[in-house]
Amino acid sequence: MKLLAQELPSPRAIQETPVPGAKQDPLIAHGLQKEQYVGIIGLAIALIAAVGFFSRRFEYALIFAIALSAILIAFFLFI
């Protein structure tokens, strides 16, 4: 119960100390973010094409849902 009674520092006062040599870590893929985005977009297009092959209405509904989601995400991010 003592922990709840203690005052916590403000989030702005907390600072992370960088680990020396952290950028040299071979397990962290630095700079591959663009390739990941291209891959995700490619998979989404392939999924829509595969669904559209079977049902044209469902393909249109899926495209509409993705577009509406992207618009809403952008809207709420920039409010």
Side-chain angles (χ1 to χ4, degrees):
M1 290 298 187
K2 277 186 169 181
L3 183 63
L4 294 176
Q6 293 177 351
E7 273 191 46
L8 296 175
S10 71
R12 294 179 186 192
I14 299 172
Q15 293 181 353
E16 181 180 354
T17 25
V19 180
K23 292 186 179 184
Q24 310 275 328
D25 192 355
L27 297 177
I28 298 175
H30 295 283
L32 287 180
Q33 218 170 14
K34 291 178 186 174
E35 289 85 356
Q36 290 172 349
Y37 286 136
V38 169
I40 290 169
I41 291 170
L43 283 174
I45 290 171
L47 174 70
I48 291 171
V51 167
F53 180 73
F54 295 109
S55 170
R56 192 60 78 180
R57 277 193 216 157
F58 190 71
E59 177 188 15
Y60 292 148
L62 194 60
I63 291 171
F64 177 75
I66 291 171
L68 184 63
S69 297
I71 291 169
L72 287 174
I73 289 170
F75 175 73
F76 288 121
L77 277 177
F78 295 114
I79 284 183

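Only this structure's heavy atoms are used, side chains among them; waters, hydrogens and symmetry mates stay out.
- The side-chain contact (heavy atoms from CB on, under 4.5 Å) test with Phe58 singles out one residue from Ile63, Val51, Ile48, and that residue is Val51.
- Taken to the nearest 0.5 Å, the CD1 atom of Ile73 stands 10.0 Å off from the CG atom of Leu68.
- Partners of Phe76 by side-chain contact (heavy atoms from CB on, under 4.5 Å), not counting sequence neighbours, listed by chain and number: Leu72, Ile79.
- Placement of Phe64 and Phe75 within a single hydrophobic cluster is found when ILVMFWY residues are connected by side-chain heavy-atom separations under 4.5 Å, directly or transitively.
- Applying the salt bridge (charged side-chain N to carboxylate O under 4.0 Å, His left out) rule to Arg56 yields the partners Glu59; only residues at least two apart in sequence or on another chain are considered.
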